[in-house]
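The sequence lines fix the lettering, A, B, ..., with proteins before strands; numbering per chain opens at 1.
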Amino acid sequence: MKLKFWILDINYGLVGSIPEIRLWGIAEDGSRAVVLDRSFRPYFYLLVEEGREEDVKRTVEKYASKFRILKVEVVDKRYFGRPVKALKVTCQIPKDVPRIREEFARLPGVKDVLEADIRFYMRYMIDNDIYPSAWHEVEAEEVEKPAGWDVEKVYLAKRPPKFVTSDAPPPLLVYAFDIECYNKLGEPIAERDPVIIIASVTNKGDKAIFAAEDKNDRTIIQRFVEDLRRKNPDIVVGYNSNRFDWPYLITRARKNKVRLDVSRSGGAPAQSVYGHYSITGRANIDLYDFAEDIYEVKVRTLENVAEYLGVKSKNERVIIEGAYIYKYWDDPKLRPKLIEYAEDDVESTLGLAEKFIPFAIQLSSIVGLPLDQVGAASVGYRVEWHLMRQAFKFNELIPNRIERPYEKYKGAIVLKPKPGVHKNIAVLDFSSMYPNIMITKNISPDTYVPPYEDVPLDEVYVTPEVGHKFRKAPAGFYRRVLERLLEARKRIREKLRELNPESPEYVVLNERQKALKVIANATYGYCGWVGARWYKREVAEATTAWGRKFISETIRQARKIGLDVIYGDTDSVFVRYDKAKVEDLVKWVERELGLEIKIDKIYKKVFFTEAKKRYCGLLPDGRIDVVGLEAVRGDWSDLAKDVQEKVIEIILKEESPQKAIEYVNKVIEDLRKGNIPLHKLIIWKTITKRIEDYEVEAPHVAAAKILVQMGYQISKGEKIGYIVCKDGEKISERAKPYIIVNDYDEVDVEYYINNQIVPAALRILGYFGVKETQLVGKTPQKSLLEFFG
DNA sequence: GCCTTGAAGTTACCG
DNA sequence: ACCGGTAACTTCAAGGCG
């Protein structure tokens, strides 16, 4: 029979000594199904010295029975664009590959072992052009369902499924969950502290809250497992679940001797690649991975992200500080509040899932990583899997990941801005500048011509400044890959114009074009990453060099035709708007540089200081853009950010420095009176390394050390919120974690005036000649007090 | 020993 | 575990002064 199904998860198992690929998915009729394929075997390649193919082949064949090798064949492949003969070694058991790889790497005549580090199920998908999170068709027969599998049907494939479409996914059952733990000191420790609440809700509105019997969490873990298995979701989501909830539950389950069997094949979540947990047959997604990409939210707590996305307002929910959860648990009058809090959390989590999953699905089907891995994988790996897929299609061997030393190279140009307020300024942007440069100049590791190689100059593109040469033909790997991405995106965007933005089809396609853009834009960064399989410094270096040339020439041309250039950064040019001249420039760029440049926006007014990468502008609709300034940085207090934002608004809309001064005076007065909420004084900074590795005792490091003393475990990537208090010389001595600052009297008000409000306001007002003394107002200053005192 | 100064360390931003 | 360019803060140690 023929079956159309959507792939949700993939793994493999051994049936005797037969590796069996298991494609977990949803059939067209809505049934949950697994498609088994026993036809595929693991393999890898040996790159051998030229002419020794047959010789090495015979040697390898001698090991056939020892290593359960099925086949050795000489095949025609390409390696960095050059035709090569490689030995394809096919084995029986996937787990044997690492060992065989090591043995064969040592054989005489073997230069390299390639593609031996690609996981079996990924290999299967790549070779058969199968995409996760997409529809496929397969000729299959129904077989008996193994005991304990939570699916309706199991099929055995007659041949590998065929990709059909990555259009709208089937209705997917999403199960959001969240746990609360009991701990009095610092952070909960799984070995010691019980889980007290487990909350879950599905996208069908099916809610379940399990509360522990006092501090015994055995039953609720059991009930959670039952609940999850009974509801049998396709997707399980949490917030920070890969780093917290799952490892925590796994430890608690072990301690309680409870089985955490939530997968569709009856097992527990298993630690997998990219630091994620895999739940067989379902997609376990940690939404924090996607929240990380929302740069507008600086402190990415569940509450903050949910609020930003319009999922749940902070005003309409219970918020309990982690450190006080135990108090709410212990007090019978407060406990209902805690339950409510857990409910709000899990509802927010589900809300986030609805926002992120459509994008995740598209990203998954484009780069080819299973839905549960694609969020956990870093940008570099997402790009790389996309490239690996393409390499297979082009018959290119996939290079190994090797350790390389870091090499510096020059990046983009940033112009010095013209300081001041400028009116009617157009921002021109090159469309996808780096991808298009790589395409038009055919920049790729396989088209690179090293300096020692002679080649007629008319056959290569010679890079300005650095001189790297790349063949004009044939099309390089990066060109082919990027062209495909940009064309696909263009097609989708054209289609989107005809669709109703409310339609489900629009949503799917819009997420898809966003995912295509993300991958295309990240490909340049990938090629300059020393960890990349397709790393080539010259490739990255040539791309930025052409970029510098193009923007410089555009600026020169703009000036030549009389456009006033205010600023520029990498691929953008800010000019005083003159419709005719701008149109001329756009055409010139297209004609002379072969690239597209477009008006991105027109500012009614834009303000620059002397600093690069920092400005603010007023848009025609009255909105204000703030770029790079303190107001958009996460490491300034809300107090300072609010002040700067307001100052910017006054300057851009009313052009009145005097009014801005009065406003700042008022804020400082409020601060001195204690009329500013404490939370506005919190300064957030990330811990970027192990605490003991810091060379300098920065304020946030000092605050983190206090937290460690209190029993918190501070790990890399964590944000520390501190308030600067009185008593102490250095700021680091005065910085206290905000959770231990309860009284306004502790706050060092002078710090917030001199190091937060004043610099943030003066950044803007300084240009208008405003001095610090005018901002701090009539209240006598410290220096004067000292003088008279 | 105190104060100034600039380098170094650190973070977060822009495109 | 994508890139380089950039601003800005805080700490820290060297250098200057007396």
Report yes if at least one side-chain N or O of [X] is closer than 4.0 Å to OP1 or OP2 of [N]; otherwise report no.
X         : N       : value
Arg763(A) : dA8(C)  : yes
Tyr615(A) : dA7(C)  : no
His700(A) : dT10(B) : no
Arg614(A) : dA12(B) : no

Length of the [atom1]-[atom2] vector between [X] and [N], whole Å:
X         : N       : atom1 : atom2 : result
Ile731(A) : dT10(B) : CD1   : P     : 16 Å
Lys641(A) : dC9(C)  : NZ    : C1'   : 16 Å
Glu292(A) : dC13(B) : CD    : P     : 13 Å
Leu415(A) : dC14(B) : CG    : C1'   : 14 Å
Trp636(A) : dA7(C)  : CH2   : P     : 15 Å
Phe574(A) : dC14(B) : CZ    : C1'   : 10 Å
Glu697(A) : dC9(C)  : CD    : C1'   : 16 Å
Arg734(A) : dT11(C) : CZ    : C1'   : 13 Å

Within the structure provided, determine whether [X] and [Y] are in side-chain contact (heavy-atom separation under 4.5 Å).
X         : Y         : value
Glu649(A) : Ile624(A) : yes
Lys613(A) : Tyr567(A) : yes
Tyr722(A) : Lys736(A) : no

For nucleotides 7-9 of chain B, give me every protein contact, N/O to N/O, under 3.5 Å, one pair per line with atom names.
unit_1	atom_1	unit_2	atom_2	d
dG9(B)	OP1	Glu695(A)	OE1	3.4

So, do [X] and [Y] have ring centers that fall under 6.0 Å from each other?
X         : Y         : answer
Tyr288(A) : Phe244(A) : no
Trp529(A) : Tyr406(A) : no
Phe80(A)  : Tyr448(A) : no

Can you give me every donor-acceptor pair (side chain of residues 519-526 of chain A, partner residue at least two apart or in another chain, under 3.5 Å) with its distance?
unit_1	atom_1	unit_2	atom_2	d
Thr523(A)	OG1	Ile519(A)	O	2.7
Tyr524(A)	OH	Tyr409(A)	OH	2.8
Tyr526(A)	OH	Glu384(A)	OE1	2.2
Tyr526(A)	OH	Arg533(A)	N	3.2
Tyr526(A)	OH	Trp534(A)	N	3.3

Practice item. Scan side-chain atoms only and decide if Gln644(A) and Glu630(A) contain a donor-acceptor pair under the 3.5 Å cut-off. Key: yes

Review point. With distance as the sole criterion, is a donor-acceptor pair present between the side chains of Asn284(A) and Trp246(A) under 3.5 Å?
Key: yes

**Study point:** Side chain of Pro759(A) - closest among dC13(B), dC9(C), dT11(B)
**Key:**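 Shortest atom-to-atom distance from the side chain points to dC9(C).
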
**Study point:** Candidate nucleotides dA12(B), dC9(C), dC12(C), ranked by approach to the side chain of Lys730(A) - the nearest
**Key:**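 The nucleotide sitting nearest to the side chain is dC12(C).
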
Study note, to complete from the structure: Scoring nucleotides 1-6 of chain C by protein non-hydrogen atoms under 4.0 Å (B base, S sugar-phosphate only, - none) yields BBSBBS

